Undergrad: 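Please read through the structure below; I'll follow up with questions.
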2 protein chains.
Amino acid sequence: METLRDRKKRHTREALLRAALELFTTQGYEHTTVDEIAEAVDVSQRTFFRYFAGKEEVAFAVQEMTEALFVESVRARPAHEAPMEALRQAVLEGWEAIQETVESAVPVELYLRMYRTIESTPALLAAHLRRSVTTEETIARLLAEREGVDVDTDPRPRLAVAVFGGVMRVTERQWCAGDDFGLEAIRRLTASYLDQLGSALTGNWRAG
Amino acid sequence: METLRDRKKRHTREALLRAALELFTTQGYEHTTVDEIAEAVDVSQRTFFRYFAGKEEVAFAVQEMTEALFVESVRARPAHEAPMEALRQAVLEGWEAIQETVESAVPVELYLRMYRTIESTPALLAAHLRRSVTTEETIARLLAEREGVDVDTDPRPRLAVAVFGGVMRVTERQWCAGDDFGLEAIRRLTASYLDQLGSALTGNWRAG
DNA sequence: TTGTCAATTGTCAGCGACTGACACTAGCCT
DNA sequence: AGGCTAGTGTCAGTCGCTGACAATTGACAA
């Protein structure tokens with residue numbers, strides 16, 4: 001069961017997280033100091049660093065949940081699906097579960113604002129891309145095992161995942177730049193971009 | 001013509017760059033302080049920051065040259081080549097020019113060591129990926145213009161470049177992990193991985 | 001209930017990246 | 001030779017982050 005101490009800890013952590021995201025998305029990440037966040041929750045700066053390893057980590061706390069969820073989503077795909085098809089389905093179907101899980105931590109609207117802040121803040125974008133590399137490595141190993149190939153000698157798992165990740169990045173970027181942040185918008189965009197992959201790679205663009 | 005003042009500046013800059021890379025590659029990036037770099041060249045810390053915007057920038061000074069060279073390499077490709085073919089040729093032929101240009105700044109061997117340090121240092125890998133995004137955006141616009149499509153309405157330029165970038169990242173990673181850092185090794189690896197793209201995306205891996 | 005133990009927190013001191021302000025030095029140009 | 005200016009060093013200060021130590025507060029048994 002959950003003791004009072006645990007409840008207090010959870011409360012502090014959630015308060016720090018919410019305060020941080022709120023400040024980041026309104027004033028900007030760089031213009032927000034750790035002292036400000038700590039002060040907003042009325043704890044010392046030192047305590048902040050006991051809950052989050054750094055200013056960056058709190059910015060990705062929610063993002064982290066969605067990444068884990070995507071990995072699980074891929075793992076749960078039926079074995080008969082081809083690799084790229086499994087990734088596609090995982091992403092298209094994963095969005096709802098993601099929405100639910102996010103809401104349990106912070107308002108979805110705050111998460112979306114934070115997502116855009118990440119995309120538009122160089123330091124955060126860099127961290128986001130590096131985190132993606134880690135996730136992609138996980139998924140590459142997952143696919144390799146699933147298909148029965150060796151990830152260290154067969155480059156195809158990493159290639160497929162890298163390509164898929166690239167398409168997702170372009171999709172996310174476009175989604176952030178637009179003005180429809182609904183669930184259906186991102187799904188449409190994802191499907192559309194994945195469908196145009198072949199044409200982008202092999203086609204003669206001038207023909208169209 | 002080049003005045004004495006200019007010569008001194010160039011000398012200081014090159015000395016700082018060499019000292020920084022030398023220290024980064026031997027002691028590690030995180031374990032090297034800006035004070036150390038400045039001291040090695042016998043200038044004040046403040047002066048270091050007048051030549052480089054930050055500790056990170058000096059780490060990418062050479063990398064920056066190679067990126068610019070790659071962009072030019074793509075721009076110089078004949079108009080009849082299909083987009084992906086142009087990228088492929090640019091990268092395969094670009095390596096020699098890169099080697100020459102690098103040598104004019106620092107020993108190629110030092111550059112290669114620095115490259116591996118970047119790949120293995122989280123903070124530098126993150127910065128590297130973000131820089132790649134910038135380069136990719138430049139190339140996407142280049143390809144779009146070249147093919148006569150609008151980069152803001154047609155996703156294919158960004159998709160193609162993102163996919164190509166993804167393959168290159170996997171290639172670089174593999175190259176760094178191996179033990180043959182010669183020119184021919186990276187060229188072979190690049191060509192091989194690009195050739196396996198189709199198989200990675202559409203094939204049934206279990207068949208092979 | 002009370003006292004002990006352990007977890008949590010605040011305070012303080014300090015490092016490293018980075019910046020602005022100001023004074024000083026050294027190359028440039030007449 | 002002497003004034004002008006670009007380049008440099010020094011100093012002080014901010015911000016992210018960490019270790020050490022003391023104070024507090026919840027947990028649990030006597």
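What you see is a predicted model, and the numbers here were worked out from it, not measured in a lab. A, B, ... follow the sequence lines: proteins, then strands. Residue 1 opens every chain.
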Undergrad: For Arg7(B) and dA6(D), give me the distance from atom CZ to atom C1', rounded to whole Å.
TA: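 After rounding, the gap between these two atoms is 16 Å.
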
Undergrad: Please enumerate all residues that pass side-chain hydrogen bond (donor to acceptor under 3.5 Å, both in side chains) together with Thr32(B), with sequence neighbours excluded.
TA: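 Checked Thr32(B) against side-chain hydrogen bond (donor to acceptor under 3.5 Å, both in side chains); matches are Gln27(B).
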
Undergrad: Heavy atom of residues 34-51 of chain B under 4.0 Å from DNA chain C: which residues?
TA: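 Contacts with DNA chain C under 4.0 Å: Val34(B), Gln45(B), Arg46(B), Phe49(B), Arg50(B).
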
Undergrad: Over how many whole Å does the gap from Phe24(B) atom CZ to dA17(C) atom C1' extend?
TA: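 Rounding to the nearest Å, CZ of Phe24(B) and C1' of dA17(C) are 12 Å apart.
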
Undergrad: Run the side chain to side chain donor-acceptor pair (under 3.5 Å) check on Tyr111(A) and Gln99(A) step by step: do they pass?
TA: CA-CA 10 Å; Tyr111(A) 165 67; Gln99(A) 196 155 23; over 6 Å; no

Undergrad: May I ask you to list the residues of residues 124-131 of chain B, by number, that have any heavy atom positioned under 4.0 Å from an atom of DNA chain D?
TA: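 None, since no heavy atom is under 4.0 Å.
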
Undergrad: Check side-chain contact (heavy atoms from CB on, under 4.5 Å) between Glu103(B) and all other residues, then give those that pass, not counting sequence neighbours.
TA: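 Only Val108(B) meet the side-chain contact (heavy atoms from CB on, under 4.5 Å) criterion with Glu103(B).
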
Undergrad: What pairs meet the ring-ring contact (aromatic ring centres under 6.0 Å, His included) rule with one or both residues in residues 177-197 of chain A, with sequence neighbours excluded?
TA: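 Passing the test, one end in residues 177-197 of chain A: Trp175(A)-Phe181(A).
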
Undergrad: Please state whether the phosphate of dG26(D), meaning OP1 or OP2, lies under 4.0 angstrom from any side-chain nitrogen or oxygen of Lys8(A).
TA: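 Result: yes.
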
Undergrad: Residues in ring-ring contact (aromatic ring centres under 6.0 Å, His included) with Tyr29(B), at least two apart?
TA: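 Testing Tyr29(B) for ring-ring contact (aromatic ring centres under 6.0 Å, His included), a comparison that skips the adjacent residues, returns Phe24(B).
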
Undergrad: Output the rounded distance in Å from CZ (Arg5(A)) to P (dT25(D)).
TA: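 Taking atom P of dT25(D) as the reference, CZ of Arg5(A) is at 12 Å.
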
Undergrad: The criterion is side-chain contact (heavy atoms from CB on, under 4.5 Å); which residues satisfy it with Arg13(A), sequence neighbours excluded?
TA: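 Partners of Arg13(A) by the side-chain contact (heavy atoms from CB on, under 4.5 Å) criterion, ordered by chain and then number, come out as Tyr51(A), Phe52(A), Ala61(A).
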
Undergrad: Without decimals, in angstroms, what is the distance between Asp6(B) CG and dG27(C) P?
TA: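 Atom-to-atom, Asp6(B) to dG27(C), this comes out as 13 Å.
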
Undergrad: Tell me: NE2 of His31(B) to C1' of dT18(D), nearest whole Å?
TA: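 Value for this atom pair: 14 Å.
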
Undergrad: Who pairs with Glu119(B) by side-chain hydrogen bond (donor to acceptor under 3.5 Å, both in side chains), at least two apart in sequence or on another chain?
TA: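 side-chain hydrogen bond (donor to acceptor under 3.5 Å, both in side chains) list for Glu119(B), sorted by chain: empty.
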
Undergrad: Scan residues 65-74 of chain A for pairs that pass salt bridge (Lys or Arg N to Asp or Glu O under 4.0 Å), counting only residues two or more places apart or in two chains.
TA: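 Checked against salt bridge (Lys or Arg N to Asp or Glu O under 4.0 Å) - neighbours excluded - the pairs reaching residues 65-74 of chain A are Glu67(A)-Arg131(A), Glu72(A)-Arg75(A).
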
Undergrad: Taking side-chain hydrogen bond (donor to acceptor under 3.5 Å, both in side chains) as the test, write out the residues that go with Ser192(B), two or more places apart.
TA: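 Scan of Ser192(B) (side-chain hydrogen bond (donor to acceptor under 3.5 Å, both in side chains), adjacent residues dropped) gives Gln196(B).
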
Undergrad: Scan residues 52-63 of chain B against DNA chain C and write down, sorted by residue number, each residue with any heavy atom closer than 4.0 Å; if none is found, say none.
TA: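 Ala53(B), Gly54(B), Lys55(B), in order of number.
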
Undergrad: Nearest to the side chain of Thr33(A) - dG27(C), dC15(D), dG7(D)?
TA: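 The answer is dC15(D).
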
Undergrad: Taking only residues two or more places apart in sequence or in another chain, which ones pass side-chain contact (heavy atoms from CB on, under 4.5 Å) with Arg113(A)?
TA: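 If we apply the side-chain contact (heavy atoms from CB on, under 4.5 Å) test to Arg113(A), skipping adjacent residues, the hits are Glu22(A), Thr25(A), Thr26(A), Glu109(A), Leu110(A).
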
Undergrad: Measure from CD on Glu30(A) to P on dA17(C) and round the result to the nearest Å.
TA: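 Atom-to-atom, Glu30(A) to dA17(C), this comes out as 18 Å.
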
Undergrad: Ignoring hydrogens and angles, state whether a donor on the side chain of Ser44(B) or Thr47(B) is under 3.5 Å from an acceptor on the partner side chain.
TA: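 On atom types as modelled, these side chains qualify, holding a pair under 3.5 Å.
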
